[in-house]
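By convention in this document, chain letters (A, B, ...) are assigned in the order of the sequence lines, proteins followed by strands, and residues within each chain are numbered from 1.
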Amino acid sequence: MRLHRASHRLAAAAAVSALVLTVSACGDDDDSAGSTNITPTDSAGGSVSGSVAGSGSGSASGAFEDQATGAPLTPEEQTAVEGYRNYITAQVADSVTVTEELVEAVKADDITKAKTLYAKSRIGWESIEPVAAAFGDLDPRVDLREADVEDGDTWTGWHVLEKALWEDKDLEGMDEIGDTLLDDLDELTESVKTVEITPTAMAMGAKELLDEVASGKITGEEEAFSHTDLVDFKANLDGARKVFDLLKPIAERNDADLVKTLETEFDDVDMALEKYEKGDSYVSYDTVTESERKALTDVVNALGEPLSKLAGAIQSDSDNSASPSSTS
Amino acid sequence: MSIDPSGDPNETPANELSAAVSRRRALGIAGIGAATIGGLGYAGREAVAGTEDRQLAKGGDSAPRGLPVAFRGEHQAGIATAVQDRLHFTTFDVKTENRGELVSLLQAWTRAAERMCSGLDALDPGAFPRIAEYPPGDTGEAIGLPPSRLTLTIGFGPSLFERGKRDRFGLKGRRPEALADLPKFAGDTLDPLRSGGDLAVQACADDPQVAVHAIRNLARIGFGTVSVRWSQLGFGKTSSTTPEQQTPRNLFGFKDGTNNPAGADTAAMDQHIWVGAEDNPAWMRGGSYLVARRIRMLVEIWDRTSLAEQEKIIGRDKREGSPAGQRLERDAVDMAAQPELAHVRLSSPDTNGGATMLRRGYSFVDGSDGLGRLDAGLFFLAYQRDPRTGFVTVQKSLSKNDVLNEYIRHTGSGVYACPPGVVAPDRWWGDTLLG
């Protein structure tokens, strides 16, 4: 994640079009290039304090327009949204629990134990990351990779611990990093309680999770030191599948073919990943050859392409003829 | 929900029409006289899709620059067609084992290819779907560009029919004998990652962005069914199929393809290039076989070679292009005057049992290599009625004796069966094989 540090926590759903936050893992400076449509609501009713986005005009998402027009969610949509809130709450809680153990091991200077907890502590986070990307610079505070650090930045979060554990093999100064990470995750726990969720935002988020896989995990850039990329990959995938499962009843009505395709493609990616399972985790990604990475890329593309249509297919005015489809 | 302020549910066709019209306007900008446009009736979507225009465009296999080349016809476009300026060639591996999925893809590709060759978006809805939560159906970089004589030509590699000894898609028995795997030639340094492929698509256009747009959109449509294996961009044609035009030069600085058959010479095309009405298998009749070779040229070494030596190696005068001992480029090759191991002699039909290919290659420069040398060369593309008596014969002769081998390396290779063209509206690429 690379977000401009000038802004801090964003508040209020007003002027939502300004809240275009990138979750692109490419590290592009143009923060308007990708957008997520999950926006924080401030329970205290504060005002917008700044824009992280480079542009406020790039995205006009269905989710936000739903809010602007006050269109209420249908009971079906309500069910999906509530299901998703429960999911993200549980995933964040899981991440917090394991991260507490991780930080404990770090403080005990137990590198071996900390290494076994590192990837696990990130699973919950990776499964819901597009949601977290809506909370100002929380995402970069906890998940910035070294490659994305600019001169003058203070580097914090999981990947600092990763480098200390695998590269430096020295935990000097890591107690504080661990405490900050826990504080940040506590902030996340609070934030997700009130985050505005719409079905469109969920679908866009699922697509972004696959983008994360395609741009960061497939290349091995995400976990440059621990090579635990496949753990993140699986978490991203599971997070996307959860969204799909929740939205399936809505999408089915508009585009049953798409739903069928997505089920097959999700299964295919799962099967492709199974090959790399090792114990309760995955093999180190540096043992995965170029041709194996190409095979993974193929199944991720096969899923990513139809998944990009899910957000369109759940719109109330959508039908088969609206979909840019090659089969008609 | 919709971004479009008009909210017009019928906006999609209108959008398309306006896209086509805007490309027509772009034609004007491109400097093509309004009279020409009017004469061809190239005036938006309906006209472009109309039969009349197709006939007109067909008559112009060498259509004016910018205008569309007819997608449909007895033979696939992109072979006899006057050679366009730019190339994007891509091969694909088929990922599915399901024949029905392969058929669906070829049908979808045919529709998209015809649309793009007409200057339309790849899909409908295209670059601007009515519901803005959908990703655009077309990637958009060709908006406003003329069709640029885009042609898309498909071929099937040996591995589509069988991989190892394994039958694929029930096609093993239908593999043409002429689609034999190419033998290993002396000096081959082939990279497996630049060779082979179940499917090949040759995109040629006068504007590189139009060619790249076409391949990019076909690859996108194919995700899940096929996966790109390798691809090659070409920036300058090295052969022409129009003898009345100036013969282009390759990166060695020599005119290349002087003796190429003319695309309009139907007798020569029928004799040497098209699979004939008596040839087998029947599904290939009207088609042709394509051999693709990525030939790296060691240009730095070549450039240090004296002019006299260069001309001796090639067997032609460098300035005029005339064969050794002759005065003009198109004078007949005089074998008695050809140096013993000259390229022209060794590759001539007279030396190779009459072997004649239609060459359609492009120069490429893929940046530079780690040693500071241009990664440059010739992406050789040649169509023929039977590679066994065409390319294989010639290359056996060249690979053993050609002095030019000191300056070139064959780094990629493929052979593909290109089926006949599609004529009727319900026909699709490869339906004579898979239909």
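No part of Ala295(A) comes within reach of chain B, as not one of its non-hydrogen atoms sits under 4.5 angstrom from that chain. Heavy atoms of Val226(B) lying under 4.5 Å from chain A are absent altogether. Only the side chain of Lys294(A) comes within contact range of chain B, with heavy atoms under 4.5 Å apart.
At least one side-chain heavy atom of Arg130(B) sits less than 4.5 Å from a side-chain heavy atom of Asp317(A). At least one side-chain heavy atom of Glu133(B) sits under 4.5 Å from a side-chain heavy atom of Met204(A).
With chain B as the partner, the residue from Pro306(A), Ala203(A), Ala302(A) showing the most heavy-atom pairs under 4.5 Å is Ala302(A).
Note that CZ of Phe223(B) and CG of Leu303(A) are 12.0 Å apart. Values are rounded to the nearest 0.5 Å. In this structure, Ile314(A) CD1 and Ile131(B) CD1 are separated by 10.5 Å, a value rounded to the nearest 0.5 Å.
Scanning both residues, Pro125(B) and Ala322(A), for their nearest heavy atoms gives CG-O, 3.4 Å. Residues Ser227(B) and Asp298(A) come closest through the heavy atom pair OG-OD1, 2.8 Å.
A donor-acceptor pair shorter than 3.5 Å cannot be found between the side chains of Tyr134(B) and Ser308(A).
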